[in-house]
Amino acid sequence: KTGVAAFIGLGNFALILFNDGYFSPRTDFNPFTHTWSLGVEEQFYILFPLIFFSWLNYKKSEGLKGAVVGGLLPVLLLLSLLCSYHQTSARPDAAFYLLPARFWELAAGAFLFQLHTQQRLLSGSKLSTQLYLSTGTALITTGFIYSNKQSFPFPWAFLPVLGTVGLIAGLRNSIDDKVM
């Protein structure tokens, strides 16, 4: 059942309906357990182009339209983070498997791109580039060392996601320094 659902991008839903959680012993016998993340990604990439297309086309619009389009991704990111916070304790399987509690993780990179296009989080110095890189690495490492599967995705996905954003920002700045 999970394999058929994974074929159409819904493996994460099947795992919630037919299993007792990602970390339960039954999932060891399901060769399609890993497809939950593919389902979340596919669902994100169905929704995200609509958000991104709106942002690209209307980000410079005056008034309410520009404000709504400019704030849509950060607001959805924040709402997803709040959903992750709530669902991790209230409905751990939903928090782990479903897009509402995972959207923020994928949207973080897109939000970084938006910030970069507005010339934010770009550094002009090697020191700030090194700070991004070392802080990002430290956050990812801390997330791996101290994460607790009962508190996942929130708060323990927060550190690796923030660390990855830091690494990407640092690497982009590093590339810019070499190009210039």
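All values derive from a computational prediction rather than experimental measurement.
Side-chain atoms of S61 do not come within 3.5 Å of backbone N or O of G66 as any donor-acceptor pair. S174 places no side-chain N or O within donor-acceptor distance of the main-chain N or O of G170, the cut-off being under 3.5 Å. Although no hydrogens or angles enter the test, the distance criterion places no donor-acceptor pair under 3.5 Å between the side chain of T135 and the main chain of Y132. No donor-acceptor distance shorter than 3.5 angstrom exists from the side chain of R102 to the backbone of Y97, with no hydrogens or angles considered. Checked by atom type and distance alone, the side chain of T2 never pairs as donor or acceptor with a backbone atom of A14 at under 3.5 Å. A donor-acceptor pair under 3.5 Å is formed between the side chain of S54 and the backbone N or O of L50.
S128 and S125 share a donor-acceptor pair across their side chains, judged by distance under 3.5 Å alone. Between Q87 and D93, the side chains place no donor N or O within less than 3.5 Å of an acceptor N or O (distance only, hydrogens not considered).
Using cut-offs of 30° and 60° for the angle between ring planes, the Y45 and F48 rings count as perpendicular. Relative ring orientation between F154 and Y85 is described as perpendicular, the plane-to-plane angle rising above 60° on a 0-90° scale split at 30° and 60°. Relative orientation of the F113 and W55 rings is perpendicular, given thresholds of 30° and 60° on the angle between their planes.
Shown are V165, L78, L77; of these, the side chain to side chain contact (heavy atoms under 4.5 Å, CB included) with F111 is made only by L77.
For L133, the side chain to side chain contact (heavy atoms under 4.5 Å, CB included) partners two or more places apart in sequence, or in a different chain, are T129, Q130, L167, L171. For E42, the salt bridge (Lys or Arg N to Asp or Glu O under 4.0 Å) criterion is met by no residue, not counting sequence neighbours.
Remark: F158 CZ is loosely packed, at most 12 non-hydrogen atoms of other residues, nucleotides or ligands lying under 6.0 Å away. Counted within 6.0 Å of NE2 on H86, heavy atoms from surrounding residues, nucleotides or ligands total 12 or fewer; the atom is thus considered open. When the shell of 6.0 Å around NZ of K1 is examined, it contains 12 or fewer heavy atoms from other residues, nucleotides or ligands.
Interatomic distance, OG of S147 versus CG of L159, reported as 9.5 Å (0.5 Å rounding). In this structure, CH2 in W156 is found 8.0 Å from OG1 in T142, a value given to the nearest 0.5 Å.
In this structure, F96 has its ring center closer than 6.0 angstrom to the ring center of W36.
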